[in-house]
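Both ligands and their constituent atoms are indexed starting at 1 by order of listing. Both backbone and side-chain heavy atoms feed into the values below; hydrogens, waters and symmetry mates do not.
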Amino acid sequence: MGTIGTVQSVGTMGVRPRFLVVMGVSGTGKTTIATGLATRLGWHFQEGDALHPQSNVDKMSSGQPLTDEDRKPWLELCHDWLSKEVKAGHGAVLTCSALKRIYREQLRRDLPVEFIHIRVASGTLVDRMTHRKGHFMPASLLPSQLSTFEEPGDDEPVIHVCGEDHPDVVLEKLIQQFRDEENQKELHAAVG
Ligand SMILES: Nc1ncnc2c1ncn2[C@@H]1O[C@H](COP(=O)(O)OP(=O)(O)O)[C@@H](O)[C@H]1O
Ligand SMILES: O=C(O)[C@H](O)[C@@H](O)[C@H](O)[C@H](O)COP(=O)(O)O
């Protein structure tokens, strides 16, 4: 499991270590899916919200959206965490809204990072954010989250999942996809 020298061995549940950012606007289920993946695969987990400077948390708590400038140092801390995990060679999962392409470019700069994008209808998001307890993010910021969001392009390393499904279903599908990719790679290697 993990790394043997610089060679990455097949790890927990037949899945090689990957370095994932679970992304999407507030309320899509990033924390739910990322913790589920980290638990099932034995990978490291970091909650991106915990890396925000207090000034960002205060701003969002008071109902004001963040600007590019506000997000820059936060994204750099997220990148630092990913960089450390890539060096360690252990599978790792970070939650981060990663709303714009430039943010995603900053996150994966020089790193083999992939994104898991959770898609959820806006009506569901309102419901989830209104009912979620003990979180600083107000539902009133949802419109700005949705208008800031840039859908990842086909040229970005992204897997889209349906966040309307039960989390167990999303996790099963993702882990199966990872396994299928491993099998495909092994088949190609065997065929030459
Ligand atoms: N697939 C899902 N189906 C139903 N409820 C969900 C699902 N994923 C998350 N939730 C619920 O929605 C709320 C937001 O989820 P959370 O994981 O905190 O999202 P995010 O980290 O993207 O803000 C939480 O109350 C969570 O329990
Ligand atoms: O870039 C941003 O505007 C924030 O990161 C935002 O997208 C994020 O959603 C909040 O930090 C709330 O946290 P949750 O996404 O966990 O609700």
What atoms of ligand 2 come closer than 4.0 angstrom to any heavy atom of [X]?
| X | value |
| --- | --- |
| S97 | 1 (O), 2 (C), 4 (C), 5 (O), 6 (C), 7 (O) |
| R71 | 1 (O), 2 (C), 3 (O) |
| H135 | 12 (C), 13 (O), 14 (P), 16 (O), 17 (O) |
| M60 | 4 (C), 10 (C), 11 (O) |

Tell me the nearest of [options] to [atom], using heavy-atom distances.
| atom | options | answer |
| --- | --- | --- |
| atom 10 (C) of ligand 2 | L125, L75, D49 | D49 |
| atom 20 (P) of ligand 1 | H135, K30, M23 | K30 |
| atom 27 (O) of ligand 1 | T32, V120, D165, I118 | T32 |
| atom 15 (O) of ligand 2 | K30, M137, H52 | K30 |
| atom 6 (C) of ligand 2 | E47, K59, Q145 | Q145 |

Heteroatom proximity flag, H166 to ligand 1, N/O under 3.5 Å: no

Contact check: E164 vs ligand 1, nitrogen or oxygen atoms, below 3.5 angstrom: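 In this structure, E164 places no N or O atom under 3.5 Å from an N or O of ligand 1.
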
Once you restrict to heavy atoms under 4.0 Å, what part of M129 touches ligand 2? Side chain, backbone, both or neither. neither

Region of R132 engaging ligand 2 - heavy atom pairs below 4.0 Å: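 Looking at R132 and ligand 2, just side chain atoms fall under 4.0 Å.
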
Give the numbers and elements of all ligand 1 atoms closer than 4.0 Å to a heavy atom of G163. 1 (N), 2 (C)

If you measure only the distance, is there a donor-acceptor pair under 3.5 Å linking the side chains of Q145 and S97?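 Q145 vs S97: no donor-acceptor pair found between side chains.
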
Is W74 close enough to touch ligand 2? Criterion: a residue heavy atom under 4.0 Å from a ligand atom.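 Yes, that is the case, since the closest heavy atom of the residue is under 4.0 Å from the ligand.
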
